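Encoded as structure tokens, the structure appears first; notes follow it.
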Amino acid sequence: MDHMKQELDRALVNFFENTSEELNKFIQEISVEQLMIAKELILTSEESGGRVHVTGIGKPGHVAEYIASLFSSTGTPAYFLDGTEAIHGSSGQVRSGDIVLSISNSGETEELKKTVETLKKNGASIISVTGKKHSWLAQNSDCLLFAGVENEGDSLNKPPRASILVEVLLLQSLSILLQEEKGITNKEYVKWHPGGKLGQSISACE
């Protein structure tokens with residue numbers, strides 16, 4: 001039992017160390033220039049009545065749901081687009097001039113390729129979030145946001161762990177740029193969060 005505990009402890013220590021290393025490296029190398037390009041694409045689209053959609057296949061799909069919610073709560077209305085359902089009719093929610101944030105670590109997922117091809121035919125602009133700079137997705141997007149890691153943090157180095165964290169961090173950064181550009185205030189924010197402790201805490205400061 002002691003030996004097993006030591007192995008488990010070592011695995012966790014390695015996970016935390018590797019993840020910390022990957023996150024620190026990512027933060028140091030993040031392209032603010034590309035984030036600014038993505039911000040301007042979104043703002044320009046909104047000025048013309050365009051909307052923002054966020055999509056992904058598998059676990060990045062869960063990231064897409066969170067990011068769509070985060071954007072919406074901070075002044076940039078965004079819609080989750082199921083990457084699988086998109087090629088079965090849901091792509092109809094995307095109109096010409098809209099922006100689609102497409103998340104895929106490999107950038108080579110077949111379902112996502114079909115989705116992106118369909119959305120581009122609809123007239124949407126694609127902002128890709130991928131860990132492979134030369135992937136199909138990166139090459140078929142209007143703006144590349146690189147979110148790559150070398151080590152996911154475990155012995156298999158396959159299950160998405162660190163890659164998910166950098167995808168989230170990257171898109172959180174974009175949400176901050178948009179929020180600050182629009183000058184979102186606590187008064188505006190509380191309109192979208194009237195319930196729960198969060199709404200109460202903001203209201204108390206008014």
Side-chain angles (χ1 to χ4, degrees), residues 22-48 50-68 70-71 74 76 78-83 86-87 91 94-152 160-181:
E22 289 290 353
L23 288 175
N24 287 331
K25 179 182 177 183
F26 173 72
I27 291 171
Q28 292 172 7
E29 298 179 355
I30 192 170
S31 175
V32 176
E33 180 182 356
Q34 289 302 106
L35 282 170
M36 295 296 286
I37 292 173
K39 182 198 72 170
E40 290 302 324
L41 281 173
I42 291 173
L43 293 175
T44 300
S45 173
E46 287 185 324
E47 288 174 1
S48 302
R51 303 172 302 171
V52 177
H53 310 262
V54 195
T55 190
I57 301 292
K59 293 174 182 61
H62 299 298
V63 175
E65 287 188 83
Y66 161 65
I67 292 301
L70 177 65
F71 272 41
T74 52
T76 301
Y79 306 85
F80 170 65
L81 175 63
D82 187 291
I87 57 175
S91 59
V94 181
R95 304 177 301 198
S96 178
D98 283 359
I99 299 290
V100 177
L101 287 160
S102 183
I103 310 169
S104 171
N105 184 37
S106 70
E108 301 289 347
T109 307
E110 288 302 321
E111 299 98 323
L112 195 63
K113 287 182 181 181
K114 293 178 181 178
T115 294
V116 168
E117 288 172 344
T118 300
L119 298 175
K120 287 173 73 71
K121 289 178 182 177
N122 282 11
S125 295
I126 308 297
I127 298 175
S128 64
V129 180
T130 179
K132 302 294 184 291
K133 292 182 178 179
H134 304 292
S135 64
W136 182 93
L137 178 59
Q139 294 173 358
N140 285 273
S141 64
D142 299 277
C143 175
L144 165 63
L145 297 180
F146 178 64
V149 299
E150 295 180 4
N151 195 321
E152 291 285 3
R161 291 190 170 93
S163 60
I164 293 292
L165 293 176
V166 297
E167 288 166 1
V168 170
L169 186 61
L170 182 65
L171 290 170
Q172 286 175 331
S173 301
L174 179 55
S175 76
I176 288 174
L177 291 179
L178 290 164
Q179 174 185 310
E180 293 302 313
E181 181 78 20

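All values derive from a computational prediction rather than experimental measurement.
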Exercise for the section: Can you measure from CD1 (Ile103) to OG (Ser163) and round to the nearest 0.5 angstrom? Expected result: 11.0 Å
Exercise for the section: Write down the atom of Ala78, the atom of Val54, and the distance for their closest heavy-atom approach. Expected result: CB-CG2, 4.4 Å
Problem - Side chain to side chain, Thr76 and Leu43, heavy atoms closer than 4.5 Å - result: no
Completion exercise
Between Ala138 and Leu144 the two heavy atoms that sit nearest each other are CB-CD1, 4.0 Å
Handout entry: Within-4.5 Å side-chain heavy-atom neighbours: Ile126 and Asn140
Key = no
Exercise for the section: Can you see which heavy atom on Ala86 is nearest to which on Thr115, and at what distance? Expected result: CB-CG2, 3.6 Å
Problem - Distance in Å, Glu47 CD paired with Glu40 CD, rounded so as to fall on 0.5 Å steps - result: 8.5 Å
Exercise for the section: Decide yes or no for Leu178 and Thr74: does some side-chain heavy atom of the first lie under 4.5 Å from some side-chain heavy atom of the second? Expected result: no
Handout entry: Trace of the side-chain contact (heavy atoms from CB on, under 4.5 Å) decision for Val149 with Phe26
Key = CA-CA 8 Å; Val149 299; Phe26 173 72; 5.8 Å; no
Handout entry: Check: Ile87 main-chain N/O paired with Ser91 side-chain donor or acceptor under 3.5 Å
Key = no
Practice task
Enter the distance from Asn122:CG to His53:NE2 here, rounded to the nearest 0.5 Å.
Solution key: 9.5 Å
Practice task
Answer yes or no: are there more than 12 heavy-atom neighbours, outside Lys114 itself, under 6.0 Å from its atom NZ?
Solution key: no
Exercise for the section: Kindly indicate, with the supporting measurements, whether the criterion side-chain contact (heavy atoms from CB on, under 4.5 Å) is fulfilled by Leu171 and Tyr66. Expected result: CA-CA 10 Å; Leu171 290 170; Tyr66 161 65; over 6 Å; no
Practice task
Locate the shortest heavy-atom distance separating Phe71 from Ser175; write the atom from each residue and the value.
Solution key: CE1-CB, 3.5 Å
Practice task
Any pair with a residue in residues 22-38 that passes salt bridge (charged side-chain N to carboxylate O under 4.0 Å, His left out), sequence neighbours left out, goes on the list, sorted by first then second residue, please.
Solution key: Lys25-Glu150
Handout entry: Test item: Thr55 side-chain N/O and Leu81 main-chain N/O as donor-acceptor pair under 3.5 Å
Key = yes
Practice task
Side-chain contact test, heavy atoms from C-beta onward, threshold under 4.5 Å: evaluate it for Leu35 versus Lys39 and give yes or no.
Solution key: no
Exercise for the section: Spell out, as yes or no, whether a donor-acceptor pair under 3.5 Å connects the side chain of Asp98 to the backbone of Ala124. Expected result: no
Practice task
Using the side-chain contact (heavy atoms from CB on, under 4.5 Å) rule, take Glu180 and Ile176 through it: C-alpha gap first, then chi angles, then the decisive distance, then the call.
Solution key: CA-CA 6 Å; Glu180 293 302 313; Ile176 288 174; 4.2 Å; yes
Handout entry: Nearest-0.5 Å distance that lies between atom CD in Glu152 and atom CG in Asn105
Key = 6.0 Å
Practice task
Nearest 0.5 Å please: distance from the CD1 atom of Ile57 over to the OG atom of Ser102.
Solution key: 8.0 Å
Problem - Pairs touching residues 101-111 that satisfy salt bridge (charged side-chain N to carboxylate O under 4.0 Å, His left out), sequence neighbours left out - result: Glu108-Lys113, Glu110-Lys113
Completion exercise
Residues passing the ring pair (Phe, Tyr, Trp, His ring centres under 6.0 Å) test with Phe146, sequence neighbours excluded, are none
Practice task
Mind running side-chain contact (heavy atoms from CB on, under 4.5 Å) on Trp136 and Leu112 for me, showing each step along the way?
Solution key: CA-CA 10 Å; Trp136 182 93; Leu112 195 63; over 6 Å; no
Handout entry: Beyond-backbone contact of Arg161 with Leu165, side-chain heavy atoms, under 4.5 angstrom
Key = no
Problem - For Ser104 against Thr130, the heavy-atom pair lying closest together - result: O-OG1, 2.8 Å
Fill in the blank from the handout: Correct closest heavy-atom pair for Ala68 and Tyr79 would be CB-C, 4.0 Å
Exercise for the section: Check for a donor-acceptor pair, side chain of Ser45 on one end and backbone N or O of Leu41 on the other, with a separation under 3.5 Å. Expected result: no
Handout entry: Spacing of Ser128 atom OG and Gln34 atom CD [to the nearest 0.5 Å]
Key = 9.0 Å
Problem - Glu167 side chain reached by Ile67 side chain, heavy atoms, under 4.5 Å - result: no
